[in-house]
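First the structure, in the form of structure tokens, and then the observations on it.
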Amino acid sequence: MPPLLFYLFAALSLGFGLMVVLSRNPVTSALSLAMSFVGLAALFISLDAYFIGTIQILVYAGAVMVLFLFIIMLLDIKEEAEKRSSLGAIVGAILVASVLSVQIATVCSSLSHSKQSVADSALKLQEAGAEMTASGKSLATITKDLAAGELPDTKLMGLTLFSQYAFHLQVIGLLLLVGTVGVVVLSKREKEVAP
Amino acid sequence: MITLNHYLIVSGILFALGFAGVIARRNIIIIYMCLEMMLSAANLTLVAFSRFNLVDGLPDYTAQALVFFTITVAAAEVAVGLAIIVALFRSKQSVDVEAVTKLQG
Amino acid sequence: MPDQETSSLPTLLLLLPLLTALVILLGNKVLKGASVALSVFSAAVCFIISFILLGTQDSSPILLPFLEVGKFRIAIDALIDQQSRGMMFIVTSIGLLVHLFSLGYMKEDEARVRFFGSLSLFMFSMTGIVLAGNLVMMFIFWELVGLSSYLLIGHWFEKPSAAEASKKAFLTNRIGDFGFMIGILMLFMANHGDVSFLGLKSSFAEGPLHEIAKSNTTFMMLAALGIFMGAVGKSAQFPLHVWLPDAMEGPTPVSALIHAATMVAAGVFMLVRCSFVIEASLSAATIIAWIGGLTALMAALMATQQNDIKRVLAYSTLSQLGYMVMAVGLLAIQVSGEHHEAGPGHPAMFHLYTHAFFKAMLFLGSGAIIYACHHEQDIWKMGGLMKHMPVTFATFAIGTAALMGVPGLSGFFSKEAILGLAFEVKNPSGSPLFWVGVGTAMLTAFYMTRMFVVTFFGKPRTENAHHAVEAPIIMIFPLAVLALLTLISPIGPVARLLQAMEPKHAENHPTVMIASIAALIVGVGAGIFLYRGKDKDPLNIKLFANKFYFDEIYAVIVQVCQDGLAWFVTGLERLFVDGLVARLPAFIATRLGSAARVLTGGQLQSYTFLLGAGVLIVIYLVIFVLPHLGH
């Protein structure tokens, strides 16, 4: 990925992220968050994580954002509904955010392989495909793609999830079910107790 | 060239932004959005490490599986959290966190 | 090496009443009436054992090991000599008779199971005191006796006066016990941890205490007075005498057993046991003799104006106890520095024995009268009881005569012995104390005549007295036995059987004889002259009737001390507690609190901020500080 595009998407993500925090209007915040996530998804794709990038847009920018907007509309929150935050909270927030950023930057810069670029750690698709074929642990469709010099990202993701993490996937499915039931219970209007 | 460091710093700044929003904002829905932002920032770190720590010449899909789970849990969490916000709004008629002082000792 | 028989008997003697008390007090719901029988049975067995013990040799067996710290050993051991054998006989015989009497007297009492349980507890404690072979063991049982006395005085605790009296007795005794403990500890220190009577005795004869008695007279005096403090509390000597008259709120059998014959005599018993301590300090002996004399005289004066039959007897008891204490002091003065055996013929013990029998009888007799008169205790509401209660009258007459010291009866001999001792003592204190003794004897004759005449002669003054009938046989029997004991106790063979009762100073001095008989005649004559056929008291001496205002004086002293202390403490509290301890930290805490309230005000924002700050600090410490510390 050209550096220019990286900076563009990074700026998109961070800029709209800042908008989320600063905007007085909840709807603006929600839409900015969606844009921020689009930038983030682009960064994912730049890291050859096509599947994650796609569901980032589908789940967050699609489903979750709609949910947020839906709630904002439902509760009819006005722009002026929110009181101004106290100076202390703002100062505290800036302080914590800046110190945290500096700390993270310091730690990351000191990592041994943080200077690696994408080119330094290029994918070795053919070799990986050959090894997989040799060990016989993989599927024909994946090795065929790898041999053709393409990264079958979604297929590899699926392989990982349904073989290595099959049980965890079941648990996550259950979690979603519980979440659904929980939402129904929480949203149900309590019955008026007869006097 | 774009290095791992670039991605990590972007992720760190996004996380710090989200945290600042959680501290500074009073609208509970926006606090929620900031939380989602922080989760996504963490996801970026995971994906970056997965790409730069190659396993047999391929990205580390274990990390990406973790990201997949995080997104799923976050989605469920948003659904439940928003339901709680709705319930809270019903009782307090407000989405201001100052209205919620039950935690006061 | 004590032989098997003598060491198992005292163990049984000591533990049987304890077991009985435990069984009764723990199982009173199950046992009910059986527990009363059990208590009487235990008293009877104790009596038989002590009777057997009378014929045994001196011994000092260890019954139970109790406390062992390094070289320091305290055991539950028994010192069985003439003194404890005689005393044991008194305690168990009167105890048994009182148990029998109580069967009748307490027949209608709801809580008589508790009563008999406490009575057994008392028997246990008293046995412990009498058998005790060392001061620590004696102190333990000393306190137990105080406890059982408290329980028994407060038996009718629904009556506020009884509850008050039990508290008063308990607290007053505490003051004395405190001194007793200090005295024990002083001896303990001086004699290197050996507080057994035999050890102390030999140490006084030739040992560390002998040296101390010679070199440090102040120490010895304080130790002796500390021991004496215990007796002051328990034997109700001036100035701690105030509890005994109030203790008459307890059931009358208890008054007879505890507050006339045994427990109050424990103080005297202990003083005689420790007579070697007192003999080591002339000044302490003098103080003790004078306090005894003062108590004897003062109590006799107070007794002349009391209207409650039991209170008259209580003051009489006080007076007689004063007599005994005076005798202890006088004998100590006499033998001071010479260290010869005080032993079996101690006049104080002799008077204790004779007094125990006739005073127990008088109390039981008064109990029978009170019972017959439907719990009426005022002598001015009685009268003419001679016709209605002939047996009680007869025994009461014997008791009164013995107490007054009518020649030929036990009281005469023992009083004679004490007066003779006072007469013999070659000391400036001897002569005045002799006349104090004579005066007390005269007053005794006077107030006993007053009570006797008012109660038994003349016409019945109330309906209750008119309809009085003789007490049931179970109550008459102990009276008769005690009367018999009173009559025979001074006779040679009986006195020799009880060994200890043989007076040491048996020689008769004409002066003493004449003085005491004269005192008797004057007292009785004045009593008959003043009270014959009277319906109310012709004398009215407020000072005596109100017990020299001791209770009031103590109340004022306590109040003044309390108020002063309270004022002082309030000042201290205002300055230190309110000011430095309460206000200052409160101020700091308020400030801190209002500062911290921002952080814990239940606001999500501040919590998040704290969370973030905490995370930052942790990151800082883990990433940036720890590596530089070499981790």
Side-chain angles (χ1 to χ4, degrees), chain A residues 3 6 10 13-14 17-18 20-21 26 29-30 33 37 40 43-44 47-49 52 55 59 64 67-68 71-72 75 77 82-83 85 89-90 92-94 96-97 100-101 104-105 108-109 114-118 121 123-124 127-128 131 156-157 160-161 165 172 175-176 179 182-183 186-187, chain B residues 1-10 12-21 23-27 29-30 32-34 36-37 40 43-44 47-48 50-52 54 56-59 61-62 64-65 67-69 71-73 75-80 82-87 89 95-96:
Chain A
F6 170 81
S13 179
L14 293 178
L18 196 65
V20 174
V21 177
S29 284
L33 189 65
F37 282 165
L40 207 58
L43 290 181
F44 285 154
L47 287 167
D48 296 319
I52 297 295
I55 62 166
V59 173
V64 171
L67 208 54
F68 269 114
I71 295 297
I72 291 167
L75 301 184
I77 296 158
E82 190 187 0
K83 286 182 275 181
S85 284
I90 293 165
I94 292 170
V96 168
L100 188 62
S101 307
I104 289 172
C108 293
S109 311
S114 67
K115 296 290 181 287
Q116 282 182 339
S117 68
V118 182
S121 61
L123 299 174
K124 303 185 183 81
E127 288 90 326
E131 197 174 326
L156 282 166
M157 191 75 200
T160 314
L161 280 178
Y165 295 109
I172 285 293
L175 180 81
L176 282 173
V183 167
L186 278 170
S187 311
Chain B
M1 281 307 278
I2 305 303
T3 62
L4 171 62
N5 207 14
H6 286 81
Y7 286 99
L8 293 181
I9 286 174
V10 168
I13 292 173
L14 199 61
F15 187 88
L17 262 178
F19 204 93
I23 296 175
R25 296 307 297 257
R26 297 160 63 120
N27 188 327
I29 295 176
I30 291 177
Y32 237 86
M33 292 180 196
C34 292
E36 294 305 316
M37 213 154 81
S40 296
N43 283 348
L44 180 60
V47 173
S50 122
R51 175 64 187 76
F52 287 90
L54 294 179
D56 299 334
L58 292 175
Y61 277 94
T62 308
Q64 295 205 11
V67 172
F68 176 79
F69 288 140
I71 289 173
T72 322
V73 172
E77 178 221 325
V78 165
V80 175
L82 286 176
I84 291 174
I85 289 173
V86 170
F89 187 80
V95 285
D96 194 326

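Chain letters run A, B, ... following the sequence lines, proteins first and then strands; every chain starts at 1. Values below: every heavy atom of this structure, side chains too, minus hydrogens, waters and symmetry copies.
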With chain A as the partner, which of B:V73, B:I29, B:I85, B:V86 has the greatest number of non-hydrogen pairs under 4.5 Å? B:I29

Is chain B contacted by the side chain of A:E131, its backbone, both, or neither, given a heavy-atom distance below 4.5 Å? side chain

Side chain from CB out, backbone as N, CA, C, O: work out which of these in A:V96 comes under 4.5 Å of a heavy atom of chain B, or both, or neither. side chain

Below 4.5 Å, heavy atoms only, C-beta onward: do B:Y32 and B:E77 meet side chain to side chain? yes

Quick check on B:L54 against chain A: is it the side chain, the backbone, both or neither that has a heavy atom closer than 4.5 Å? side chain

Region of A:L33 in contact with chain B, defined by heavy-atom distances below 4.5 Å: side chain

For the pair B:Y7 and B:F52, name the ring-plane relationship: parallel under 30°, tilted 30 to 60°, perpendicular over 60°. tilted

Given A:A10, A:A30, A:G92, A:G182, the one with more heavy-atom pairs under 4.5 angstrom with chain B than any other is A:A30

Measuring heavy-atom distances to chain A, does B:S50 have an atom under 4.5 Å in its side chain, in its backbone, in both, or in neither? neither

Just so I understand: if I count every heavy-atom pair under 4.5 Å between each of A:S187, A:G179, A:S101 and chain B, which residue has the most? A:S187

Where do A:V21 and B:G21 come nearest, in terms of heavy atoms and distance? CG1-CA, 3.6 Å

Out of B:I9, B:L8, B:L44, which one racks up the most heavy-atom pairs below 4.5 Å with chain A? B:L44

Only pairs of heavy atoms separated by less than 4.5 Å count here; which of A:L175, A:V64, A:L161 has the most with chain B? A:L161

Heavy-atom closest pair (B:A24 atom, A:A93 atom, distance to 0.1 Å) is CB-CB, 3.7 Å

Engaged part of B:F89 at the chain A interface, taking heavy atoms whose separation is under 4.5 Å: side chain

Give, for atom CD1 of B:I30 and atom CZ of A:F68, the distance between the pair rounded to the nearest 0.5 Å. 10.0 Å

Comparing A:L100, A:I52, A:I104, A:T160 against chain B, the one with the most heavy-atom pairs below 4.5 Å turns out to be A:I52

For a quick test of reading the model, state the closest non-hydrogen atom pair linking B:P59 to B:Q64 and the distance between them. CB-NE2, 4.2 Å

Holding to ring pair (Phe, Tyr, Trp, His ring centres under 6.0 Å), I want the full list of residues that pass it with A:F37, two or more places apart in sequence or in another chain. A:Y60

Residue selection (most heavy-atom pairs with chain B, distance under 4.5 Å) from A:L156, A:L40, A:L176, A:D48: A:L156

Are any of the side-chain heavy atoms of A:L43 and B:V47 separated by less than 4.5 Å? no

Which of the residues B:A87, B:A65, B:A79, B:S40 is involved in the greatest number of heavy-atom pairs with chain A at under 4.5 angstrom? B:S40

To the nearest 0.5 Å, how far apart are CG in A:L14 and CD1 in B:I13? 5.5 Å

